[in-house]
Amino acid sequence: MTTRRKLAAGNWKMNGTQAALAEISALNAAFPAPACDVIICPPAPFISAMAALKGVVKVGGQDCHANASGAHTGDVSAEILADAGATAVIVGHSERRADHGESDQTVNDKAQAAWRAGLLAIICVGEVEDERTAGNALSIVGGQLAGSIPDGATGENTVIAYEPVWAIGTGLVPTLKDIAEMHDFMRAELTTRFGADVANTIRFLYGGSVKPTNAAEIFAVSNVDGALVGGASLKAADFGGIIAAAANA
Ligand code: 13P
């Protein structure tokens with residue numbers, strides 16, 4: 001059986017200040033040697049300073065452009081993120097897909113850009129509420145996986161985050177049975193495409209209203225290898241509870 005090390009990833013979205021770097025220092029102090037990987041993805045201007053703390057908390061970007069450089073005002077490339085000290089980047093978050101009209105192909109291109117720069121690509125998928133209500137959640141996510149994950153994905157270069165859009169920032173969480181169904185389905189889809197040897201190394205995060213209070217039960221679900229956390233990643237006290245739950249899972 002493949003053992004996948006758990007990953008607690010935080011997505012600060014468009015929140016935080018330089019003063020909030022104290023939260024990272026607090027996490028580094030509280031977890032000198034956590035039994036799971038820890039990544040925080042702050043707004044891009046904070047990446048260098050966060051990386052300079054050099055603790056166990058690794059730093060990621062929240063998005064990258066597909067190109068390495070060029071005339072793309074306001075965008076950040078994977079190479080620039082890596083140069084600033086990032087080791088990972090989120091691509092295809094539902095907020096990017098919705099706010100910026102990103103297609104599966106766009107996300108696929110960005111994941112390849114992440115690999116080109118030596119970054120871990122955290123590729124996000126997830127259905128909206130109407131799609132789940134209509135019974136289409138699995139087929140929607142299956143399509144997103146097929147379109148968004150480039151050929152060549154491995155456990156070294158890729159993490160998949162399943163984030164049902166209706167669960168993000170709402171306090172709503174799918175039943176544990178529904179999370180298991182989706183994560184088992186994703187494992188089966190990747191096994192068909194990449195073969196079991198590769199598919200079994202790729203970690204699957206659940207994201208959407210993960211809190212210290214529900215993290216342990218979510219981490220115990222089949223094929224859940226960690227979490228991608230929004231609101232509860234902003235404070236060390238909250239995220240620390242999630243790291244501790246991942247480490248004990
Ligand atoms: P919340 O944890 O705030 O629901 O956000 C989840 C998310 O979108 C992480 O990328």
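Below, all heavy atoms of this structure are taken into account, side chains as well, without hydrogens, waters or symmetry copies. Note that ligands are numbered from 1 as they come in the structure, with each ligand's atoms numbered from 1 the same way.
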**Q** Would you call Gly169 a ligand 1 contact, heavy-atom distance under 4.0 Å?
**A**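 Checking ligand 1 against Gly169, which is what was asked, there is a heavy-atom contact under 4.0 Å.
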
**Q** Please report whether ligand 1 has a polar contact with Ile168, defined as an N or O pair separated by less than 3.5 Å (distance criterion only).
**A**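 Between Ile168 and ligand 1 (N or O atoms, distance only) the closest approach is not under 3.5 Å.
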
**Q** Look at Arg97 together with Asp104 and state whether they make a salt bridge at an N to O cut-off of under 4.0 Å.
**A**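 Salt bridge: yes.
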
**Q** As an exercise, state the distance from CG of Leu27 to CD1 of Ile40, rounded to the nearest 0.5 Å.
**A**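 These two atoms lie 6.0 Å from each other.
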
**Q** Check Lys110 with Asp63, please: is the shortest side-chain N to carboxylate O separation under 4.0 Å?
**A**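 Yes, this pair counts.
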
**Q** Closest non-hydrogen protein atom to atom 7 (C) of ligand 1, residue and atom name please, with distance?
**A**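 Scanning the protein heavy atoms, the shortest distance from atom 7 (C) of ligand 1 goes to Glu163 OE2, 3.1 Å.
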
**Q** Considering the heavy atoms of Leu228, write down every atom of ligand 1 situated less than 4.0 Å from one of them.
**A**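 Close to Leu228: 9 (C), 10 (O).
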
**Q** Can a non-hydrogen atom of Ser209 be found less than 4.0 Å from any atom of ligand 1?
**A**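 Distance cut 4.0 Å: Ser209 passes for ligand 1.
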
**Q** Looking only at protein heavy atoms, identify the closest one to atom 2 (O) of ligand 1 and say how far it is in Å.
**A**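 Going by distance alone, atom 2 (O) of ligand 1 is nearest to Gly230 N, 2.8 Å.
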
**Q** According to a hydrophobic-cluster definition based on side-chain heavy atoms being under 4.5 Å apart (Ile, Leu, Val, Met, Phe, Trp, Tyr only), do Leu7 and Val91 belong together?
**A**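 No, because Leu7 and Val91 fall into different hydrophobic clusters, even though each may have its own neighbours under 4.5 Å.
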
**Q** Taking both backbone and side-chain atoms of Lys13, is any N or O found less than 3.5 Å from an N or O belonging to ligand 1?
**A**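 N/O-N/O distance under 3.5 Å: yes.
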
**Q** Please could you name the atoms of ligand 1 that Gly231 approaches to less than 4.0 Å, counting only its heavy atoms?
**A**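 By the 4.0 Å cutoff, the relevant atoms are 1 (P), 2 (O), 3 (O).
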
**Q** Does atom CD (Gln105) have a neighbourhood of more than 12 heavy atoms from anything else shown, all under 6.0 Å?
**A**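 Check passes, neighbour count above 12.
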
**Q** Is it the case that the side chains of Asn223 and Arg4 hold a donor-acceptor pair, with the cut-off being a distance below 3.5 Å and no angle test?
**A**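 Short answer, yes.
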
**Q** Using the side chain to side chain contact (heavy atoms under 4.5 Å, CB included) rule, take Val141 and Tyr162 through it: C-alpha gap first, then chi angles, then the decisive distance, then the call.
**A** CA-CA 8 Å; Val141 169; Tyr162 167 59; 4.0 Å; yes

**Q** Tell me the contacting part of Asn11 for ligand 1: side chain, backbone, both, or neither, using a 4.0 Å heavy-atom threshold, strictly below.
**A**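 Near ligand 1, Asn11 shows its side chain, while the N, CA, C and O stay back.
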
**Q** Using a 3.5 Å cut-off on N or O atoms only, is Gly208 in polar contact with ligand 1?
**A**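 There is no such contact.
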
